[in-house]
There are 2 protein chains.
Amino acid sequence: MASPHQKQTMKDRILQTADRLFYLKGIRAIGVDTISAEIGISKRTLYNHFPSKDALIAAYLEHRFVQPKPSDKPPVEQILGTFDALERRFGAKDFRGCPFVNAVAELGGEDKSVKKVAIAFKESRRLWFRDRLTELGVADPEALATQLQLLVDGSIAQDLVRDDPAMARAAKEAARVLLENAGVKISSPDGAKA
Amino acid sequence: MASPHQKQTMKDRILQTADRLFYLKGIRAIGVDTISAEIGISKRTLYNHFPSKDALIAAYLEHRFVQPKPSDKPPVEQILGTFDALERRFGAKDFRGCPFVNAVAELGGEDKSVKKVAIAFKESRRLWFRDRLTELGVADPEALATQLQLLVDGSIAQDLVRDDPAMARAAKEAARVLLENAGVKISSPDGAKA
DNA sequence: GCCAAAGTACACAGGTCTGTGTAACTAAAA
DNA sequence: TTTTAGTTACACAGACCTGTGTACTTTGGC
């Protein structure tokens with residue numbers, strides 16, 4: 001974990017493969033046999049590293065819970081850049097919505113731990129927006145952060161259904177209007193086109 | 001079908017129960033045995049009315065595809081009222097997100113017919129916004145309709161995860177800003193509170 | 001070379017699921 | 001009363017799932 005070029009452990013390989021298949025095909029749709037077969041290991045080995053499928057699911061969601069990289073750019077560029085990044089990811093053919101929202105939709109309100117991590121993730125994203133808005137000195141960073149997060153999640157849901165990266169651009173346009181309405185000056189007006 | 005007080009047919013009862021359970025617990029989580037047991041009929045009867053579970057799923061989604069009631073209210077009130085209705089539904093304990101988005105998340109890109117009806121539904125909602133925006137004479141009703149739909153889907157996704165009806169109010173606030181930015185005058189400023 | 005840890009092969013238990021087959025039953029229409 | 005359409009009870013096939021047990025083999029460190 002310290003050394004960056006350390007050889008990938010078996011546990012890493014299992015988690016990485018589970019991540020890809022769970023995300024792409026759905027958690028319920030993928031059995032442990034499929035995962036172990038994909039790696040070319042025995043099912044026994046998988047169960048030697050993860051005590052149950054539930055544990056693997058939990059590890060999958062933790063693995064997806066990554067913080068955005070710190071950036072030196074001005075806050076307003078960071079905020080709007082979020083939607084450019086979204087648009088890029090929408091274009092990728094292996095994009096299939098938000099793993100946390102999907103997991104909640106798939107596993108339902110039954111599994112409380114899944115919902116818990118999903119809430120934590122969404123809130124961490126909202127706080128990321130809020131911190132940058134605070135830096136910009138807007139009047140109500142909490143409320144505006146929530147609204148920006150709505151645009152993010154809305155565009156993700158729309159793209160999941162429509163496969164249309166333009167949803168990210170539409171969200172960006174709306175975000176720009178909300179920001180300007182809050183008194184934020186936007187320097188580079190690369191308007192309709194990304 | 002013509003007579004409104006016609007006795008509910010067996011097919012109706014099956015569809016109604018399937019609808020409730022599929023939506024609340026998830027499509028993959030509910031088996032045909034569970035549905036027939038809930039109604040108190042044999043599994044055979046269910047299969048006499050629907051040739052397969054897939055057919056039942058398709059009927060479920062068609063059944064969910066309802067158009068909003070026509071309204072006499074001014075367009076701007078209809079648009080903002082959408083978010084009030086959302087807030088009310090978020091408060092209900094049997095609300096569990098958008099059935100179409102959930103179905104796509106659950107069944108994946110595999111099932112093309114599911115995705116097809118989901119796209120049709122989302123587009124029909126967007127067009128509903130667009131028609132009212134056109135009536136209001138805004139400059140670009142297409143783009144604004146897409147943005148409003150983003151707010152709707154975003155608040156639904158957020159509420160699915162957080163169980164927080166305030167998401168609908170946040171979306172309404174953002175919608176108000178977008179509308180005013182497009183030159184729409186909003187008469188009753190029942191601001192932060194619903 | 002020796003040993004311990006890790007992985008493999010493979011069967012299997014016990015559960016769930018979709019979908020079918022069949023014979024008996026019920027109720028209403030003719 | 002007889003026919004007929006719908007329903008029931010129930011077993012079952014065949015598939016897939018999670019998880020375990022066990023004996024064998026590989027592999028890296030000493």
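Reminder, nothing fancy here: chain letters follow the sequence lines and each chain counts from 1.
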Find the distance [X]:[atom1] to [N]:[atom2] and express it as a whole number of Å.
X	N	atom1	atom2	answer
Leu46(B)	dT20(C)	CG	P	12 Å
Arg44(B)	dG21(C)	CZ	P	7 Å
Met10(B)	dT7(D)	CE	C1'	8 Å
Lys43(B)	dT16(C)	NZ	C1'	11 Å
His49(B)	dG6(D)	NE2	C1'	8 Å
Phe50(B)	dT7(D)	CZ	C1'	16 Å
Ile27(A)	dT18(D)	CD1	P	12 Å
Phe22(A)	dC17(D)	CZ	C1'	13 Å

Quick one: sort the Phe129(A) and Phe83(A) rings into parallel, tilted or perpendicular, breaks at 30° and 60°. parallel
Of the options Lys116(B), Lys115(B), Lys112(B), Lys122(B), which is the one that meets Asp163(A) in a salt bridge (Lys or Arg N to Asp or Glu O under 4.0 Å)? Lys115(B)
Decide yes or no, distance alone: a donor-acceptor N/O pair under 3.5 angstrom between the base of dG19(C) and the side-chain of Lys53(B). no
Cut-off 3.5 Å, side chains only: do Ser52(B) and Asp54(B) have a donor facing an acceptor? no
Taking the side chain of Ser52(B) as its heavy atoms from C-beta onward, which of dT22(C), dG19(C), dT7(D) lies nearest to it? dG19(C)
When you get a sec, tell me which of dT20(C), dG19(D), dG7(C) is the closest nucleotide to the side chain of Tyr47(B)? dT20(C)
Between the two ends of the helix from dG1(C)-dC30(D) to dA30(C)-dT1(D), what is the bend in degrees, rounded to 10 degrees, where each end axis spans five pairs? 10°
Do Ile79(A) and Leu127(A) belong together in a cluster built from hydrophobic side chains that touch within less than 4.5 Å? no
Mind checking side chain to side chain contact (heavy atoms under 4.5 Å, CB included) for Ser71(B) and listing every partner two or more places apart, or none if nothing turns up? Lys73(B), Gln78(B)
If we ignore hydrogens and angles and just use 3.5 Å, is the side chain of Arg132(A) paired with the main-chain N or O of Trp128(A) as donor and acceptor? yes
Please work out which residues in residues 32-42 of chain B have a non-hydrogen atom less than 4.0 Å from an atom of DNA chain C and list them by number. Val32(B), Asp33(B)
Decide whether a cation-pi geometry holds between Arg64(B) and Phe100(B); the criteria are a distance under 6.0 Å from NZ or CZ to the six-membered ring centre and an angle within 45° of the ring axis. no
